[in-house]
Amino acid sequence: MSVVHQLSAGWLLDHLSFINKINYQLHQHHEPCCSKNEFTTSVHFESLQMDSVSSSGACAASIASDPTTKPENDDGGNYEMFTQKFVFRPELFDVTKPYITPAVHKECQQSNEKEDLMNGVKKEISISIIGKKRKRCVVFNQGELDAMEYHTKIRELILDGSLQLIQEGLKSGFLYPLFEKQDKCSKPITLPLDTCNLPELCEMAKHLPSLNEMEHQTLQLLEEDTSVTEQDLFLRVVENNSSFTKVITLMGQKYLLPPKSSFLLSDISCMQPLLNYRKTFDVIVIDPPWQNKSVKRSNRYSYLSPLQIKQIPIPKLAAPNCLLVTWVTNRQKHLRFIKEELYPSWSVEVVAEWHWVKITNSGEFVFPLDSPHKKPYEGLILGRVQEKTALPLRNADVNVLPIPDHKLIVSVPCTLHSHKPPLAEVLKDYIKPDGEYLELFARNLQPGWTSWGNEVLKFQHVDYFIALESGS
């Protein structure tokens with residue numbers, strides 16, 4: 001279970017446990033002379049030549065088979081069958097100390113500041129640096145003033161609720177005090193190189209010949225051997241309906257596909273296969289690439305304008321009474337956009353606003369709560385699709401609880417950028433069982449979910465996992 005503790009304030013989650021409870025077991029077969037630790041594949045994608053792609057040439061891909069019987073080799077003998085288990089690298093959740101320590105951060109005087117800031121008064125902020133004090137004048141723009149007002153409203157909610165859950169985590173031993181020795185022994189984390197640029201692959205796929213009939217079909221990775229082309233991977237929703245993990249290889253990079261998962265690797269201009277999937281979804285989670293100054297400066301990843309986000313075809317993807325959950329930054333412009341423009345354009349009614357609070361392994365906020373730059377929390381806006389005409393609901397006889405407002409999701413964040421905590425277990429009381437679930441702008445896969453995005457396989461890269469000793 002990813003839920004470590006549940007209180008009236010919200011949930012304390014174990015993101016790493018959620019990943020590792022997924023059955024990341026790969027069935028492999030080898031000739032007796034082969035090493036057990038090598039990946040071998042019995043099904044190969046056909047080579048794909050793309051004349052319109054210059055330097056990339058042909059892209060080879062392969063997929064690991066999950067056979068139920070031992071196949072024969074060329075000499076008529078049987079291969080040996082092995083099961084390889086994978087777990088997510090635990091050091092990627094090793095957040096032992098805050099990203100910014102509160103040593104130089106002074107407690108804000110909330111009651112006095114609010115009145116002054118709303119009047120647009122210049123304020124002097126004293127910052128202690130190596131025992132000395134210097135003063136500088138700061139003029140806040142309207143966006144900063146709005147953010148400060150919002151923070152003032154939710155500050156006590158964040159602080160009180162988080163402390164309750166953190167205290168439970170410390171009592172149970174899930175969270176633990178940080179000792180000096182632990183800090184000194186910590187080693188820098190080496191992340192895998194992004195040698196396979198998934199967004200670029202999506203761009204390359206646009207040059208593939210259109211196969212309209214094929215776009216209506218789903219690619220099912222079955223138990224028995226099947227040969228498919230890489231072209232099929234980009235033009236269809238891909239399903240792993242087996243009970244075991246499969247492996248695909250794109251441009252030499254291996255990705256793990258968990259059991260009972262499906263995905264579409266494409267950008268926002270190529271969502272038609274998802275619409276052709278002939279499914280509507282009871283839960284849709286969206287993590288849009290919001291535009292902000294740091295993103296524009298760093299050019300780390302592309303972002304979407306508000307107009308582009310509004311064009312996502314939620315009305316065509318949502319089932320009646322669908323629960324919509326949108327991740328949002330602390331920028332008030334984006335928060336207002338969701339509530340006042342985006343959700344109304346999709347006929348979605350806002351029902352709750354939750355917050356994800358990020359803490360260290362010892363229970364400290366990753367940023368000072370009152371930091372003027374970065375906050376240790378992010379928002380989630382929950383809404384229900386409002387149908388204009390009465391339509392029969394799935395499992396209409398199943399009662400679900402009304403969604404409460406102002407809940408907290410407290411967890412140690414993954415050190416990988418934008419690897420959000422799972423929502424499946426915290427939402428289970430508010431959604432119908434055995435529904436259809438969709439994540440948009442996903443960067444990883446989950447059993448029982450359909451995932452879409454131009455980086456949908458990013459955190460499924462095999463280098464983010466550790467292969468345990470295999471057994472026959």
Side-chain angles (χ1 to χ4, degrees), residues 2 13 15-27 39 45 61-64 66 84-89 92-93 192 194 196 198-199 201-202 205 218-222 228 230 232-250 253-267 270-271 273-274 277 279 281-287 317 325 327 414 416-425 427 435-467:
S2 65
L13 295 190
H15 190 171
L16 178 62
S17 174
F18 177 86
I19 297 174
N20 287 337
K21 78 172 186 178
I22 296 173
N23 187 24
Y24 278 111
Q25 292 189 30
L26 175 65
H27 277 188
F39 282 117
F45 287 117
S62 60
I63 180 166
D66 183 20
Q84 183 79 64
K85 183 175 177 61
F86 294 85
V87 295
F88 204 72
R89 291 171 57 180
L92 295 176
F93 285 92
D194 188 15
C196 182
L198 295 174
L201 276 179
C202 294
T218 299
L219 175 60
Q220 295 185 354
L221 307 179
L222 303 176
V228 295
E230 196 171 34
D232 295 326
L233 184 65
F234 289 103
L235 291 178
R236 304 173 181 177
V237 174
V238 180
E239 293 182 343
N240 176 16
N241 290 324
S242 74
S243 300
F244 294 92
T245 296
K246 295 182 183 294
V247 174
I248 61 172
T249 305
L250 293 174
Q253 303 300 303
K254 290 184 172 63
Y255 299 90
L256 301 178
L257 307 184
K260 310 300 182 182
S261 65
S262 59
F263 71 92
L264 171 63
L265 175 62
S266 76
D267 63 21
C270 299
M271 295 185 70
L274 188 59
Y277 198 28
K279 282 188 179 183
F281 298 91
D282 302 287
V283 178
I284 301 178
V285 176
I286 313 175
D287 186 14
L317 295 170
V325 183
W327 289 94
C414 183
L416 300 174
H417 174 68
S418 201
H419 197 352
K420 298 293 197 302
L423 299 179
E425 290 188 12
L427 293 176
E436 298 287 350
Y437 311 132
L438 171 67
E439 183 174 7
L440 301 179
F441 303 102
R443 296 174 180 87
N444 62 283
L445 307 181
Q446 299 182 60
W449 286 66
T450 300
S451 304
W452 166 82
N454 65 351
E455 292 185 300
V456 72
L457 298 176
K458 182 172 183 177
F459 299 140
Q460 301 301 134
H461 195 290
V462 71
D463 284 353
Y464 292 126
F465 294 79
I466 299 172

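Across every non-hydrogen atom of L317 and M271, the tightest pair is CD1-CE, 4.5 Å. Closest non-hydrogen pair, V283 versus W449, comes out as CG1-CH2, 4.1 Å. Shortest non-hydrogen contact noted between Q446 and P422 is OE1-CB, 4.4 Å. Here the closest heavy-atom approach between residue S262 and residue V237 is recorded as CB-CG1, 4.2 Å. Of all the heavy atoms in L264 and C270, the pair that sits closest is CD2-O, 4.0 Å. Here the closest heavy-atom approach between residue A467 and residue Q84 is recorded as CB-NE2, 3.6 Å.
With values rounded to the nearest 0.5 angstrom, K420 atom NZ is found 11.5 Å from C414 atom SG. Residue K246 holds its NZ atom at 9.0 Å from CG of L26, rounded to the nearest 0.5 Å. Atom-to-atom distance recorded for D267:CG and F441:CZ is 10.0 Å, nearest 0.5 angstrom. Note: Y255 OH to L250 CG = 6.0 Å, rounded to the nearest 0.5 Å.
Side chain of N444 to main chain of Q460: no donor-acceptor pair is present (N/O by atom type, distance under 3.5 Å, no hydrogens or angles). With T245 contributing its side chain and Q25 its backbone, the two residues share a donor-acceptor pair below 3.5 Å. Although no hydrogens or angles enter the test, the distance criterion places no donor-acceptor pair under 3.5 Å between the side chain of N20 and the main chain of V87. Distance alone, capped at 3.5 Å, places no donor-acceptor pair between the R443 side chain and the G453 backbone. One N or O on the side chain of S242 and one on the backbone of F244 form a donor-acceptor pair closer than 3.5 Å. In terms of modelled atom types and a separation under 3.5 Å, the side chain of N241 and the main chain of Q220 share no donor-acceptor contact.
Within the 4.5 Å cutoff, the side chain of P199 has heavy atoms near those of the E455 side chain. Residues Y277 and L438 form no side-chain contact, since every pair of their non-hydrogen atoms from C-beta on lies 4.5 Å or further apart. Taking the side chain as every heavy atom from C-beta outward, L265 and V238 never approach each other to under 4.5 Å.
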Query raised in the report: Where do L445 and N240 land on the side-chain contact (heavy atoms from CB on, under 4.5 Å) test, with the steps shown first?
Result: CA-CA 11 Å; L445 307 181; N240 176 16; over 6 Å; no

Requested in this report: Applying side-chain contact (heavy atoms from CB on, under 4.5 Å), run through L274 and T450 and close with a yes or a no.
Outcome: CA-CA 9 Å; L274 188 59; T450 300; 4.1 Å; yes

Report task. Run the numbers on L256 and Y464 for side-chain contact (heavy atoms from CB on, under 4.5 Å), then give the verdict. Result -> CA-CA 10 Å; L256 301 178; Y464 292 126; over 6 Å; no

Query raised in the report: Can L257 and V247 be said to form a side-chain contact (heavy atoms from CB on, under 4.5 Å), step by step?
Result: CA-CA 6 Å; L257 307 184; V247 174; over 6 Å; no

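Looking at K21 and E425, a side-chain N of the basic residue comes within less than 4.0 Å of a carboxylate O on the acidic one, giving a salt bridge.
Taking F465 as the reference, Y24, F88 meet the ring pair (Phe, Tyr, Trp, His ring centres under 6.0 Å) condition, with sequence neighbours excluded.
Looking at W327, F459, F18 one by one, the single match for ring-ring contact (aromatic ring centres under 6.0 Å, His included) with H419 turns out to be F459.
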